[in-house]
Asker: 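Sharing a structure with you now.
When a residue number appears, it is its place in the shown sequence, counting from 1.
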Amino acid sequence: MSYTAPVGGMPAPASLPATTAESIYSKVFWRFIPLLVICWVIAYLDRVNISFAKLQMQSELGLSDAAYGLGASIFFIGYFLFEVPSNMILHRVGARIWIMRIMVTWGLASASAMFVTTEFGFYVTRFLVGALEAGFVPGALYFFTKWFPADRRARINTIFMSGIAFCGIIGGPISGGIMKFTDGSLGLSGWQWLFLLEGLPAVVLGLIVWKYLDDEVHDAKWLTDAEKTTWKALIERDAKAAETHNFGAALREPATYVLSVVYLCLAGAIYGLVFWIPQLIKTAGTQDPFVIGMISSIPYIVAGISMILLGKSSDRTGERRWHLALTTLAGGIGYFISGLYSDNTVALLIGLTIAATGIISAIGLFWVFPQRFLGGMAAAGGIALINSIGQLGGVITPYMVGKIKDVTGQTTWGLYAIATACVVATVIIAWGLPKRFYQRSVTHQ
């Protein structure tokens, strides 16, 4: 069959109109992306809702700031240990079944945190949630390589990662509201209701994923045979263009580890934000948990809008390096402002908004880079490896900030440390990657 190049330079069967690629893209997008974004919102909410639970459970369980930080960090130890094996299994059994398994088990584990009564129980529950959730994000990112051409992925990745921002927009008010209005109901504290009501939706969504996800293009009964042929040709073209298909080769590729260091800095920065933003706002002078939740949503609203616009800009221009470097730098500047004005609610909020906009946008843009040189099994394992190493930032930052607060009585120097990590990541992105990463990608107009 001969091929022509329709919109965006993507090949399609010559017998089909030039608009076919766009119509198929629209079908694929609406079939998968809204569902997976909602799943990511719930996953992220279950991951970070302890930042709100802390406002009540810390005093009830007698946890120090360092103990809370350690509990937040232990999640990522479980995540780190099981991330790569989980994604390798997903590559073999398919995203449909494995993402369903991930969601059902993590939802049950997250809800079980309502029964925690001791510091040790807190640590065990957090470890289990991390271990059982491991593989969801890299699994989704790998799934995108099976369903979306490379020149669409910056916007797809940023839309998916906008779940972080959307979680912050709705998660703060919902979490604060649950804690305020359910506290004492049926003899349970607000933080216990929080874990229960935010954990069970993952179980329901897991069943929906099992019904609606398709592992491969040829599995999609909702596409015609001609559409399957067209779309599969686009995906296979990008798979052939990827440099590394074998997981062993991905392990020997220096860029895998350079990108892991960058993501370590980015992950540390985002978790410094999500695990401590309620406490930072409270320390600056706001006490009501519902009001704290409303205020904490503001940085995420701005970040959510900005990251989608930046993803579209990067895809349109084909420019990757400076989009990523400048957003990472903005995150560092925001953290520096937050540390400098930690006792002023308005100035703190401005700093947190800049930090959230920069870091959340950077996380979405970042995932275009590994997908440019990893394909096949290397994409499944390599993406998981980069993500798991990066998630160690979630081990370091929450505990570090908590320990600094216990020792000094304030979080300022912890925020400065995160700002420094953002600058390090900026330097690596701007000048430390192989030259092939700085080439403009094929753009879609």
Asker: For S361 and G358, indicate whether the former's side chain and the latter's backbone hold a donor-acceptor pair under 3.5 Å.
Answerer: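 Checked: no pair found.
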
Asker: Does either side chain, that of K405 or that of Q410, offer a donor lying less than 3.5 Å from an acceptor on the other one?
Answerer: no

Asker: Test your reading of the model: is there a side-chain donor-acceptor pair from R126 to the backbone of R47, 3.5 Å cut-off?
Answerer: yes

Asker: So does M294 get a backbone contact from the side chain of S297, meaning a donor-acceptor N/O pair under 3.5 Å?
Answerer: yes

Asker: Are any of the side-chain heavy atoms of V209 and M103 separated by less than 4.5 Å?
Answerer: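 In contact.
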
Asker: Spell out, as yes or no, whether a donor-acceptor pair under 3.5 Å connects the side chain of Q56 to the backbone of W191.
Answerer: yes

Asker: Is it true that a side-chain atom of T286 and a backbone atom of K282 form a donor plus acceptor pair closer than 3.5 Å?
Answerer: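 Judged by distance alone, no pair lies under 3.5 Å.
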
Asker: Using the benzene-type ring in the case of Trp, are the ring centres of Y416 and Y335 under 6.0 Å apart?
Answerer: no

Asker: Tell me whether H91 contacts the main-chain N or O of N87 through its side chain, where contact means a donor paired with an acceptor under 3.5 Å.
Answerer: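 Between the backbone of N87 and the side chain of H91 there is no qualifying donor-acceptor contact (under 3.5 Å).
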
Asker: Which side-chain N or O atoms in residues 68-77 pair as donor and acceptor under 3.5 Å with protein atoms at least two apart or in another chain?
Answerer:
{"residue": "Y68", "atom": "OH", "partner": "F275", "partner atom": "O", "Å": "2.8"}
{"residue": "S73", "atom": "OG", "partner": "G69", "partner atom": "O", "Å": "2.8"}
{"residue": "S73", "atom": "OG", "partner": "V395", "partner atom": "O", "Å": "2.6"}
{"residue": "S73", "atom": "OG", "partner": "Y399", "partner atom": "N", "Å": "3.3"}

Asker: Counting only N and O atoms by type, is there a donor-acceptor contact under 3.5 Å from the side chain of E83 to the main-chain atoms of G135?
Answerer: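 Yes; judged by distance alone, with no hydrogens or angles, the pair exists.
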
Asker: Can you pull out every ring-ring contact (aromatic ring centres under 6.0 Å, His included) where at least one residue sits in residues 113-137? Sequence neighbours excluded, please.
Answerer: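 The answer is W106-F136.
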
Asker: Are Y300 and F166 close enough that their ring centres sit under 6.0 Å apart?
Answerer: no

Asker: Give a yes or no on this: more than 12 heavy atoms of other residues, nucleotides or ligands lie within 6.0 Å of atom NZ of K27.
Answerer: yes

Asker: Dump the intermediate steps for side chain to side chain contact (heavy atoms under 4.5 Å, CB included) on M400 and I404, then the final yes or no.
Answerer: CA-CA 6 Å; M400 176 192 70; I404 289 174; 3.8 Å; yes

Asker: Kindly say whether Q192 contributes a backbone atom to a donor-acceptor pair with the side chain of S189 at under 3.5 angstrom?
Answerer: no

Asker: To the closest 0.5 Å, what do you measure between CG (L61) and CD (E119)?
Answerer: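 Going from CG on L61 over to CD on E119, the span is 9.0 Å.
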
Asker: If we ignore hydrogens and angles and just use 3.5 Å, is the side chain of S314 paired with the main-chain N or O of G311 as donor and acceptor?
Answerer: no

